[in-house]
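As the structure lists them, so they are numbered: ligands from 1, and atoms in each ligand from 1.
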Amino acid sequence: MQPYSSARDEFQGEATVFLDANENPYNHPYNRYPDPLQWELKKKIATYKGVNVESIFLGNGSDEPIDLVIRVFCEPTVDNIVSIAPSYGMYEVAAHVNNVEFRKVQLDTNFDVDVDALLQAVNARTKVIFLCSPNNPTGNNLSRERIHRILESFEGIVVVDEAYIDFADTPSFLTELVKFPNQIVLQTFSKAWGAAGVRLGMAFASPEIVKVLNKVKYPYNVNLLTQEYALKLLAEPEKMQAQLRRILSERAWLQERLPQLKCVRKIYPTDANFILAEVTDANAIYNYLVQAGIIVRNRTNVTMCAGCLRITVGTPEENRALITALEGCQ
Ligand code: PMP
């Protein structure tokens, strides 16, 4: 397949007069199309993450590579995808939008992946397995050894979505990119980097996989404002690290306080920036919190999450407002 060749693809380098892309010559600095392959930004990310620049794909959030992986590797109505349940809802939505069958395998009682059941759900038409670690909405890491078993036993693509990896104290699967050429690791600027609004997601994979994703993406899928903003963030990683430490210490505070509340039955262990809490009456408490101006995510209708609310760790003030409100709902 021939990808669209944009003006900025055909000429790269130094010049003073650009009359090749039908742009408006005025209105600097945003009158020009951005670099379609975001090389400057990718070089910074490569250095920061310790990966080869050719192994990076950047998208409009990590939702873009989720969709692209399905479009690239799956034949609609013929192939299928296997994933865990409960997990991030976009894998299933993107599969259905692309008319690809989506097979869900329930997690075990520790919210870990049941490898035997997962591999049993795989057949000759399974092209992609989606895993999420730390998982959303459960919050926990899947066991590393189990993910290894899947990477070793399945010959198709294994996506490990690490949107929340910065909040975990375990290493990223990026360290094993070279070992598993069928692996795609997803990360994002939406969580620890505090930039959900700018929409920047990262997929890390073998250069062969990245080349295929690049063929299918929109030519200018990551806009210039986003590229500039991400470069600014990467120039000061210590700011992100400081925020991360604050979020982790607030998470610990919530983990201590939430279980003391009468309306909280239990909280689940978390490696992410949110806590899944089983409460006495999820719908009533959700509505009560809405009345108090506090919005959490009601997950009571999600597989294995009956009675559960998913609570994002906020600022100290927000977390204290939440606990005070929940004290009043007993
Ligand atoms: N993966 C997981 C597990 C998520 O929870 C989310 C966002 N909620 C995403 C991916 C999407 O992130 P992005 O903002 O990068 O599209």
Contact check: K191 vs ligand 1, nitrogen or oxygen atoms, below 3.5 angstrom: yes
Ring-ring centroid check F102 F130, cutoff 6.0 Å: no
Protein contact to atom 16 (O) of ligand 1 [nearest heavy atom, distance to 0.1 Å]: R199 NH2, 2.8 Å
Under 3.5 Å: N/O of Y88 near N/O of ligand 1: no
Residue, atom name and distance, where the atom is the protein heavy atom closest to atom 12 (O) of ligand 1: S62 OG, 3.3 Å
Part of D63 within contact of ligand 1 (heavy atoms, under 4.0 Å): both
Nearest neighbour in protein (non-hydrogen) for atom 2 (C) of ligand 1: D161 OD2, 3.4 Å
A196 near ligand 1 by a heavy-atom separation under 4.0 Å: no
Proximal atoms of ligand 1 relative to C132 (non-hydrogen, under 4.0 Å): 3 (C)
Sub-6.0 Å ring centroid separation between H96 and Y91: no
Non-hydrogen atom of M90 closer than 4.0 Å to ligand 1: no
Residue pair Q183 / V160, side-chain heavy-atom distance below 4.5 Å: yes
Per atom 5 (O) of ligand 1, closest listed option by heavy atom (W193, F274, Y91, Y164): Y164
pair P316-E250: side-chain heavy atoms closer than 4.5 Å: yes
Side chain proximity check, I184 to I157, heavy atoms < 4.5 angstrom: yes
Between W193 and Y164, ring centroids under 6.0 Å: no
S190 contact mode with ligand 1 (heavy-atom cut-off under 4.0 Å): side chain
Residue pair L213 / K211, side-chain heavy-atom distance below 4.5 Å: no
Side-chain heavy-atom pair S83, K104 within 4.5 angstrom cut-off: no
